[in-house]
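Structure first, then comments.
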Amino acid sequence: TASQAAEERGWHLYLVGGAVRDLLLAEAAAGTLMITDIDLVVDGFHKSADVGAGVELAKALQEIYPVARLEIHGAFQTAALLWHKDQDLDSLWVDIATARTEFYPYPAANPEVEASSIRQDLYRRDFTINALALRLTSPRAGDLLDFFGGLLDLEAKQVRVLHANSFIEDPTRIYRGVRFAVRFGFAIEPRTEEYIRYAINSGVYDRTAQTNSKTPALQTRLKTELKHILEAPYWRSALQLLDDLGALQCIHPTMSLDSKLIRQLRLLERCLRRFDPQQNLIPWQMRLEAIIAHLAPKYRGKVAKNLQLQEDSIQHLQNLAAAKTEIIQSLSEYQRPSQVVQLLRKYNLEILILIALQSQRPIRRQIWQYLTVWANVQPILNGNDLKKLGYKPGPQYRQMLDDLLAKTLDGDITNPVEAQEFLAK
Ligand code: ATP
């Protein structure tokens, strides 16, 4: 239907980007493919299509498929059609753009947009394997447009960048390249690796971390790429490759994946397996917090803000150092579980996990014991029991229940009779 609508208007329509790459990879592996994201590009037949062509086509399609939701992104002249998941269909996201080229007024800034043809549209993309297009309109529907050797690179299993200065223009492409390499088991082509190292050595952090009206988009993209990587099953290998390339410096110049951080991330996985079902921890976010927490305290808040993490993550990272000092000092003096509970219940789960990861075994054990056992202990009697025993309801209940909880935790009372005797005293 989309091709028909484009043909009626004298336009060409192309399937571009990841969907073409994944189709070709699935074909080579004789595998099946589930595509949930489709990128389409509209181009003029004899001359460039009008800049609003993508939006016009999306509107025409929405009239044919009213169940799809239409979103228009004015500044970039793109439109998206969204089909939500229902019983028969998985969700589907179709982006429709007008063929365009992007020029960068200066490195690491937000791309600006002007209308242009399909070749130029593909030319502005990141890697050859992502710069393939499949023509959907006649004549020559089904033709593969491969201007930059993407097909050969798919066969050679390598990630090759299109331009020497690509990573200087947009350092998040380093993360994208690593993600594709690890995900498909591809190598980073040697020249591409040189360009990556060059971009990193030329002060990548200063550009990503600079805050001005043009750069927030870059930081958001870096966070998005980190999210993609840290929620993928291959996140460990991706992080290792980023470190080998020196690319963790995009997060902060002092950031590296040393053996301490590797150990902490391993501990975190154990902890996530244990807590995740009940506590709604977000694994990729916890991994990122653990990575940032590995920086010296003075950098953590700034890096978390630069990456535009959620306010609660920023808080954890900013408060971590002070909380850690208090907890380590107090826990090494405390003997009784009730003291530990009283201290640790002031802190939320995420911060306690981060502190446990960074602490020596005795402290870590106490925090785990608190999180897995002590935090769930209830006083032997509850408010109803107190009422039945004839105690007058009121604010004193809180204190009585707290006292009972402390005695229960410390093993001083083990049954309701002992609890009643304790209260009577
Ligand atoms: P995935 O399967 O992981 O979604 P994808 O290739 O579809 O992979 P998208 O992030 O959806 O990735 O991007 C769609 C296309 O847009 C890419 O294939 C690439 O051609 C282009 N693209 C995306 N981000 C960039 C970028 N930072 N620089 C240049 N081109 C990009």
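Sequential numbering from 1 along the given sequence is applied to the chain's residues. Remember, it's 1-based here, ligands and their atoms both numbered in the order they're listed.
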If you look only at pairs with a residue in residues 284-301, which of them pass as a salt bridge (Lys or Arg N to Asp or Glu O under 4.0 Å), with sequence neighbours excluded? Glu269-Arg287
Keeping to residues at least two apart or across chains, list the salt bridge (Lys or Arg N to Asp or Glu O under 4.0 Å) pairs with something in residues 7-22. Arg9-Glu56, Asp22-Arg183
[X] and ligand 1 - part of the residue with a heavy-atom distance under 4.0 Å:
{"X": "Arg183", "result": "side chain"}
{"X": "Asp39", "result": "side chain"}
{"X": "Asp170", "result": "side chain"}

Short N/O distance, under 3.5 Å, between [X] and ligand 1?
{"X": "Arg176", "result": "yes"}
{"X": "Arg179", "result": "yes"}
{"X": "Thr172", "result": "no"}
{"X": "Asp37", "result": "no"}

Is the shortest distance from a heavy atom of Phe127 to ligand 1 less than 4.0 Å? no
Find out whether Thr224 and Lys227 are in side-chain contact, i.e. whether some heavy atom of one side chain is under 4.5 Å from a heavy atom of the other. no
Centroid separation Tyr195 to His163 less than 6.0 Å: no
So, Thr137 versus Tyr14: side-chain donor-acceptor pair below 3.5 Å or not? no
Under 4.0 Å to a heavy atom of Arg173 - the qualifying atoms of ligand 1, by number: 26 (C), 27 (N), 28 (N), 29 (C)
Does the Lys NZ or Arg CZ of Arg173 fall within the cation-pi geometry relative to Phe167 - under 6.0 Å from the ring centre and within 45° of the axis? no
